2 protein chains.
Amino acid sequence: MFMEEKCERVDTQQIETLLQAIPEADSISKMAAVFQALQSETRLKILFLLRQKEMCVCELEQALEVTQSAVSHSLRTLRQLDLVRVRREGKFTVYYIADEHVRMLIEMGLEHVEEKA
Amino acid sequence: MFMEEKCERVDTQQIETLLQAIPEADSISKMAAVFQALQSETRLKILFLLRQKEMCVCELEQALEVTQSAVSHSLRTLRQLDLVRVRREGKFTVYYIADEHVRMLIEMGLEHVEEKA
DNA sequence: TTAATATATGAACAACTGTTCATATGTTCA
DNA sequence: TGAACATATGAACAGTTGTTCATATATTAA
């Protein structure tokens with residue numbers, strides 16, 4: 001079996017081994033979706049707000065100065081990835097951070113960027 | 001000073017306080033950039049590979065099955081955000097994970113998605 | 001020098017994202 | 001009931017991203 005020529009550092013056998021040790025395609029794909037959700041400033045702000053206190057949509061709307069529709073769309077994205085969860089409370093829909101994991105994630109991200117300042 | 005009408009749960013004063021407690025705009029913006037970088041499957045795979053062993057561009061190219069150009073562009077993004085760092089080694093450019101923080105970040109992301117499986 | 005190898009960069013294009021607008025659904029209270 | 005409030009959803013559009021192709025730069029060895 002012929003192997004394409006690569007630079008002399010490449011050890012095809014070793015690369016194979018390294019590839020087997022990375023998470024499976026499905027996990028990578030889901031992770032990409034999670035980080036994709038965290039890449040929006042609006043959604044980050046939502047998480048930093050919810051980190052302090054669970055809130056309904058209209059509270060978030062007021063805090064963020066975007067339309068109710070935009071907040072709702074953002075919340076759906078976060079909800080679908082289980083980054084936030086939801087609870088009905090009469091006519092209000094109350095959102096809150098899903099778990100400690102999510103808190104850690106945004107904490108790590110924040111520390112990374114503040115570290116360099 | 002007139003306040004727009006909002007739903008009865010909104011406490012304008014409290015919202016103001018919550019807003020002051022979220023990271024400043026510049027940090028949010030930088031965080032968004034970091035998560036934006038982590039949202040690409042190619043870049044995630046690069047990080048999961050580098051987590052095991054520092055590698056030069058052509059090793060990554062072989063492992064990932066995308067063009068050398070694509071790898072290089074991805075590495076630049078990661079480099080600019082200080083997620084990976086670089087070292088010259090003769091004619092090779094060796095990339096490696098910037099610090100333990102970055103390892104934690106991808107670890108958290110992975111745990112979050114695997115937790116639900 | 002020059003040729004070969006390794007990496008970086010710019011342009012261009014298809015694919016995707018976030019927002020708004022318009023509208024639908026769900027809930028409460030009169 | 002129905003009117004008012006709270007939230008969700010679909011369509012559409014501008015802006016952004018990731019890839020490839022073509023080419024430039026950097027390093028080594030001859």
Side-chain angles (χ1 to χ4, degrees), chain A residues 4-11 15 28-29 32-47 50 54-81 83-96, chain B residues 4-11 15 28-29 32-47 50 54-81 83-96:
Chain A
E4 271 190 63
E5 296 222 12
K6 293 292 171 186
C7 72
E8 68 209 50
R9 272 181 71 108
V10 166
D11 172 345
I15 300 246
I28 296 270
S29 164
V34 167
F35 287 127
Q36 133 72 22
L38 297 177
Q39 153 257 19
S40 142
E41 297 199 21
T42 297
R43 286 191 292 263
L44 280 179
K45 283 182 197 159
I46 289 176
L47 292 176
L50 294 184
E54 55 182 32
M55 296 169 84
C56 71
V57 180
C58 63
E59 286 178 291
L60 289 168
E61 177 187 356
Q62 162 119 354
L64 296 173
E65 292 175 348
V66 291
T67 64
Q68 177 268 318
S69 177
V71 175
S72 229
H73 280 301
S74 280
L75 286 169
R76 177 164 63 162
T77 301
L78 294 171
R79 210 172 56 220
Q80 285 172 338
L81 295 164
L83 294 171
V84 303
R85 289 182 189 149
V86 94
R87 186 181 73 236
R88 259 279 167 189
E89 204 165 278
K91 62 178 170 180
F92 299 101
T93 307
V94 179
Y95 283 86
Y96 56 98
Chain B
E4 271 189 61
E5 297 220 12
K6 292 294 168 182
C7 73
E8 68 211 48
R9 271 182 71 109
V10 166
D11 173 345
I15 300 249
I28 297 269
S29 164
V34 167
F35 287 127
Q36 134 70 23
L38 297 177
Q39 153 258 20
S40 142
E41 298 199 20
T42 296
R43 286 190 293 263
L44 281 179
K45 283 182 198 160
I46 288 176
L47 292 176
L50 294 184
E54 57 183 29
M55 293 169 86
C56 70
V57 180
C58 62
E59 285 178 291
L60 289 167
E61 177 189 356
Q62 162 119 354
L64 296 174
E65 292 177 347
V66 292
T67 64
Q68 177 268 318
S69 177
V71 175
S72 227
H73 281 300
S74 280
L75 286 170
R76 176 164 65 164
T77 300
L78 294 171
R79 208 174 55 219
Q80 284 172 338
L81 295 164
L83 295 171
V84 302
R85 290 180 189 151
V86 94
R87 187 181 73 237
R88 257 281 167 188
E89 205 165 276
K91 63 179 170 179
F92 298 101
T93 308
V94 179
Y95 282 86
Y96 55 98

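Note that this is a predicted model, so its numbers are computed, not measured. When reading the values below, keep in mind they use all heavy atoms of this one structure, side chains included, and skip hydrogens, waters and symmetry mates.
- Remark: E54(A) pairs with R87(A), V94(A), Y96(A) by the side-chain contact (heavy atoms from CB on, under 4.5 Å) rule, at least two apart or across chains.
- Atom CD of Q62(A) sits about 8.5 Å away from atom SG of C7(B), to the nearest 0.5 Å.
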If you restrict it to nitrogen or oxygen atoms, what contacts under 3.5 Å exist between nucleotides 9-15 of chain D and the protein, and what is each distance?
unit_1, atom_1, unit_2, atom_2, d
dT9(D), O4, S69(A), OG, 2.7
dG10(D), O6, S69(A), OG, 3.4
dG10(D), O6, H73(A), NE2, 2.9

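- Atom CD in E41(A) sits about 12 Å away from atom C1' in dG18(C), given to the nearest Å.
- Atom C1' of nucleotide dT5(C) and atom CD of E59(B) are separated by 15 Å, given to the nearest angstrom.
- The shortest distance between the side-chain N/O atoms of T42(A) and the OP1/OP2 oxygens of dG18(C) is not below 4.0 Å.
- The disulfide (SG to SG under 2.5 Å) test applied to C56(B) returns no partner, not counting sequence neighbours.
- Between dA8(D) and Y95(A), a contact under 4.0 Å exists linking OP1 or OP2 to a side-chain N or O.
- Annotation for M55(B) and L50(B): closest pair N-CD2, 3.6 Å, computed over non-hydrogen atoms.
- Atom CG of L83(A) is separated from atom CD1 of I46(A) by 11.0 Å, given to the nearest 0.5 angstrom.
- The shortest distance between side-chain heavy atoms of F92(A) and E8(B) falls below 4.5 Å.
- One atom, CE of M55(B), and another, C1' of dT7(C), lie 15 Å apart when rounded to the nearest Å.
- Judged as a side-chain hydrogen bond (donor to acceptor under 3.5 Å, both in side chains), and not counting sequence neighbours, E61(A) has no contacts.
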Result block: side-chain N/O donor-acceptor pairs under 3.5 angstrom for residues 63-81 of chain A, not counting sequence neighbours:
unit_1, atom_1, unit_2, atom_2, d
T67(A), OG1, A70(A), N, 3.1
S74(A), OG, A70(A), O, 3.4
T77(A), OG1, H73(A), O, 3.3
R79(A), NH1, Y95(A), OH, 2.7

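- We find that CD of Q36(B) is positioned 15 Å from P of dC16(C), with the value rounded to whole Å.
- At distances below 3.5 Å, at least one donor-acceptor pair connects side-chain atoms of R88(B) with backbone N or O atoms of G90(B).
- Between E65(B) atom CD and dT19(D) atom C1' the separation is 15 Å, expressed in whole Å.
- For Q80(A) and dA8(D), the CD to P distance is 12 Å, given to the nearest whole Å.
- In this structure S29(A) satisfies the side-chain contact (heavy atoms from CB on, under 4.5 Å) test together with E41(B), sequence neighbours excluded.
- Base pairing in DNA chain C yields stems of at least 3 consecutive Watson-Crick or G-U pairs, both distances under 3.5 Å, namely C:1-30 with D:1-30.
- Residue-level contact check: R43(A) touches the backbone only, with heavy atoms under 4.0 Å from sugar-phosphate atoms and none from bases.
- Summarising the geometry, the separation between CZ on F35(B) and P on dT17(C) is reported as 17 Å, rounded to the nearest angstrom.
- With sequence neighbours excluded, the residues forming a side-chain contact (heavy atoms from CB on, under 4.5 Å) with Q39(B) are F35(A), Q36(A), Q36(B), R43(B), listed by chain and number.
- Across the protein-nucleic acid pair, E8(B) atom CD and dA4(D) atom P stand 16 Å apart, rounded to whole Å.
- Only K91(B), F92(B), T93(B), listed by number, bring a heavy atom of residues 84-93 of chain B to less than 4.0 angstrom from any atom of DNA chain C.
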